[in-house]
**Q** 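My structure is below; once you've seen it, I'll send some questions.
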Amino acid sequence: MINKIANSVAEAMAGIQDGATVLIGGFGTAGIPNELIDGLIAQGAKDLTVVNNNAGNAEAGLAALLQAGRVRKIICSFPRQADSQVFDGLYRAGKLELELVPQGNLAERIRAAGAGIGAFFCPTGFGTELAGDRETREIDGKHYVLEYPIHGDVALIKAETGDRWGNLVYRKAARNFGPVMAMAAQRTIATVHDIVGLGALDPETIVTPGIFVSKIVQIDRVATQAGGFKKAA
C-alpha cells in the first residue's frame with residue numbers, strides 16, 4: 001500500500017546527506033516550508049547548496065539555516081532585502097558562496113531539470129557579468145546565453161492539501177516554486193495543512209502528482225508574517 005505520510009518532520013528529513021543540493025520553495029514569505037527548514041537544521045546535514053528565490057528573512061527559516069553554518073553555497077535571484085542581515089554578514093565575511101540568477105532563468109533552470117532538458121538558450125543576462133563565460137549564440141538576430149538545469153538531491157516545499165499517495169494542491173501564491181522544484185529533485189518532502197482520503201482531491205485541481213513526492217508531513221496553520229519591511233521609527 002502506497003503511503004507517503006510521515007509521522008513527523010524528523011522522520012521525513014532522515015537521510016539527507018552532507019553536500020546535498022536542497023531546493024527550498026517560497027517567494028518572499030509565501031509558501032516557505034519553515035517547519036522543514038527547522039527539521040533540516042535539527043537533522044544536521046552540512047556543506048549544503050541551497051536553491052531559493054531569496055536568501056532568507058530576519059533570523060528564521062532559511063536565514064536560520066545560514067546562521068547555523070550549514071550552507072556552503074546559495075543559488076538565488078534576490079539575495080538582499082531590508083532584513084537579509086544574516087546572508088549579508090556571511091557573504092561579506094567570505095563564508096558563503098553566491099550564484100546570482102535572474103528570477104525567470106532560475107525558474108526555467110529548475111523546470112528544465114524536471115523536464116529532462118539538457119540545456120537551453122535564454123536572452124536574459126546577455127552582455128552582462130551574469131553571463132560569465134558561458135556559451136552565447138545569435139538566433140534570429142537575437143543574442144542568447146546557454147543556461148543549464150538545476151537538479152536537486154532534495155526539495156522542501158509547502159502545499160495546502162495532500163493525500164497518502166502524495167498528490168498535492170497549493171494555496172494561491174504559496175504555490176510559487178513548489179511544482180517545478182518537486183519535479184527537479186530526486187526526493188521531495190512537502191508539508192500540508194490537510195490530509196484527505198484518496199479520491200477526495202479533484203484530479204483537475206492536483207498541481208503536483210504524487211509520483212514527484214516522497215513524503216508529506218501534516219503541520220498546523222500559522223499566519224504568514226510579512227517580511228522585508230522595517231517598522232516606522
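Any value given below was found using the heavy atoms of this structure, including those in side chains, with hydrogens, waters and symmetry copies removed. On a predicted model such as this, the values are computed, not experimentally measured, just so you know.
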**Q** Report the residues that fulfil side-chain contact (heavy atoms from CB on, under 4.5 Å) with Asp18, sequence neighbours left out, ordered by chain and then residue number.
**A**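 For Asp18, the residues satisfying side-chain contact (heavy atoms from CB on, under 4.5 Å) (neighbours in sequence not counted) are Ala45, Lys46.
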**Q** Which other residues end up in the same hydrophobic cluster as Ile211, if Ile, Leu, Val, Met, Phe, Trp and Tyr are linked when side-chain heavy atoms come under 4.5 Å apart?
**A**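 Under the 4.5 Å side-chain rule, Ile211 groups with Met183, Phe212.
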**Q** Does the salt bridge (charged side-chain N to carboxylate O under 4.0 Å, His left out) test come out yes or no for Asp194 and Arg221, once each step is laid out?
**A** CA-CA 10 Å; Asp194 297 307; Arg221 296 181 187 275; 2.6 Å; yes
**Q** Treating Asn52 as the side-chain partner and Ala55 as the backbone partner, does any N or O pair qualify as donor plus acceptor under 3.5 Å?
**A**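 Checked: no pair found.
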**Q** Taking ring-ring contact (aromatic ring centres under 6.0 Å, His included) as the definition, give me every residue that meets it alongside Phe87, ordered by chain and number, with sequence neighbours left out.
**A**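 Only Tyr91 meet the ring-ring contact (aromatic ring centres under 6.0 Å, His included) criterion with Phe87.
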**Q** With no hydrogens and no angle check, do the side chains of Asn53 and Gln103 hold a donor and an acceptor under 3.5 Å apart?
**A**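 Per modelled atom types, Asn53 and Gln103 side chains form a pair under 3.5 Å.
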**Q** Members other than Ile2 in its cluster, when Ile, Leu, Val, Met, Phe, Trp, Tyr link by side-chain heavy atoms under 4.5 Å?
**A**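 Besides Ile2, the cluster holds Trp165, Leu198.
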**Q** If you compare all heavy atoms of Ser214 against all heavy atoms of Gln186, which two are closest, and at what distance to 0.1 Å?
**A**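 Reported closest heavy-atom pair: OG-O, 4.4 Å.
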**Q** With side-chain contact (heavy atoms from CB on, under 4.5 Å) as the criterion, how do Leu98 and Cys76 come out once you've worked through the C-alpha distance, each side chain's angles and the decisive distance to 0.1 Å?
**A** CA-CA 8 Å; Leu98 169 67; Cys76 70; 3.9 Å; yes
**Q** With a 3.5 Å distance limit and no angle check, can you tell me whether Arg70 reaches the backbone of Ile41 through a side-chain donor-acceptor pair?
**A**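 Here the side-chain-to-backbone pair exists.
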**Q** Same cluster or not: are Val169 and Leu156 linked, directly or through other Ile, Leu, Val, Met, Phe, Trp or Tyr residues, by side-chain heavy atoms under 4.5 angstrom apart?
**A**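 Each belongs to a different hydrophobic cluster.
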**Q** Stepwise, does the side-chain contact (heavy atoms from CB on, under 4.5 Å) test hold for Val196 with Leu201?
**A** CA-CA 8 Å; Val196 299; Leu201 295 176; 3.8 Å; yes
**Q** Distance from Leu146 atom CG to Thr136 atom OG1, nearest 0.5 Å?
**A**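 Output value for this atom pair is 9.5 Å.
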**Q** Find the distance between CG (Leu40) and CD1 (Ile24) and round it off to the nearest 0.5 Å.
**A**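 The distance works out to 6.5 Å.
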**Q** Side-chain contact test, heavy atoms from C-beta onward, threshold under 4.5 Å: evaluate it for Glu99 versus Thr49 and give yes or no.
**A**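 No; the side chains remain at least 4.5 Å from each other.
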**Q** In the hydrophobic clustering that connects Ile, Leu, Val, Met, Phe, Trp and Tyr at side-chain heavy-atom distances below 4.5 Å, which members other than Phe126 occupy its cluster, ordered by chain and number?
**A**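 Its cluster mates, by chain and number, are Val145.
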**Q** When you check the gap from the basic side-chain N to the acidic O, do Arg80 and Asp88 get nearer than 4.0 Å?
**A**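 Looking at Arg80 and Asp88, the cut-off is met.
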**Q** State the CG-CG distance between Asn3 and Asp163, to the nearest 0.5 angstrom.
**A**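 It comes to 10.0 Å.
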**Q** For Asn167, which of Ile206, Thr208, Thr161 qualifies under side-chain contact (heavy atoms from CB on, under 4.5 Å)?
**A**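 Among Ile206, Thr208, Thr161, the one that satisfies the side-chain contact (heavy atoms from CB on, under 4.5 Å) with Asn167 is Ile206.
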**Q** State the OG1-CD distance between Thr191 and Glu35, to the nearest 0.5 angstrom.
**A**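 The distance works out to 5.5 Å.
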**Q** Shortest non-hydrogen contact from Gly61 to Asn34?
**A**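 Taking every non-hydrogen atom into account, CA-OD1, 3.2 Å.
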**Q** Shortest non-hydrogen contact from Gly15 to Gln43?
**A**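 Here Gly15 and Gln43 meet closest at N-NE2, 3.9 Å.
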**Q** Kindly say whether Gly210 contributes a backbone atom to a donor-acceptor pair with the side chain of Lys4 at under 3.5 angstrom?
**A**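 Yes, the answer is positive, given that a donor and an acceptor are paired below the 3.5 Å cut-off.
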**Q** Checking salt bridge (charged side-chain N to carboxylate O under 4.0 Å, His left out) for the pair Glu147/Arg134: CA distance, chi angles, key distance, verdict?
**A** CA-CA 8 Å; Glu147 296 281 4; Arg134 295 195 300 279; 3.2 Å; yes
**Q** Taking all non-hydrogen atoms of both residues into account, name the closest pair between Asp153 and Ala20 and its distance.
**A**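 Answer, listing the atom of Asp153 first, then Ala20: OD2-CA, 3.4 Å.
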**Q** Distance-only, no hydrogens or angles: does the Asn54 side chain make a donor-acceptor pair with backbone N or O of Phe78 under 3.5 Å?
**A**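 Absent.
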**Q** Side-chain contact, heavy-atom cut-off 4.5 Å: Leu100 with Pro79?
**A**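 A side-chain contact exists here, since the closest heavy-atom pair is under 4.5 Å.
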**Q** Test your reading of the model: is there a side-chain donor-acceptor pair from Asn176 to the backbone of Ala173, 3.5 Å cut-off?
**A**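 Yes, because the side chain of Asn176 sits within donor-acceptor range (under 3.5 Å) of the backbone of Ala173.
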**Q** What is the distance from atom CD1 of Ile189 to atom CE of Met13, rounded to the nearest 0.5 Å?
**A**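 Output value for this atom pair is 5.0 Å.
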**Q** Any sub-3.5 Å donor-acceptor pair from Gln218's side-chain atoms to His193's backbone N or O?
**A**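 Present.
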**Q** Quick one: CG on Leu62 to CG on Asn57, what's the gap to the nearest 0.5 Å?
**A**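 One gets 8.5 Å once the value is rounded to the nearest 0.5 Å.
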**Q** Does Arg175 pair with Glu160 as a salt bridge, N-O distance under 4.0 Å?
**A**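 Result for this pair is no, no salt bridge flagged.
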**Q** Taking all non-hydrogen atoms of both residues, which atom of Tyr148 and which atom of Gly118 are closest, and how far apart?
**A**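 Tyr148 and Gly118 have their closest heavy atoms at CD2-O, 3.9 Å.
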**Q** What residues join Ile216 in its hydrophobic cluster, counting side-chain heavy atom gaps under 4.5 Å, either direct or through other members?
**A**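 Ile5, Leu23, Phe27, Val51, Ile75, Val101, Leu106, Ile110, Ile150, Ile157, Leu168, Tyr170, Phe177, Val180, Met181, Val192, Ile195, Val207, Val213, all in the cluster of Ile216.
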**Q** Side-chain contact test, heavy atoms from C-beta onward, threshold under 4.5 Å: evaluate it for His143 versus Pro123 and give yes or no.
**A**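 No, their side chains stay 4.5 Å or more apart.
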**Q** Shortest non-hydrogen contact from Glu59 to Ala63?
**A**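 For Glu59 versus Ala63, the nearest heavy atoms are CA-CB, 3.9 Å.
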**Q** Just wondering, more than 12 heavy atoms not from Glu129 lying within 6.0 Å of its CD?
**A**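 No, CD of Glu129 has 12 or fewer neighbouring heavy atoms, counting only those of other groups under 6.0 Å.
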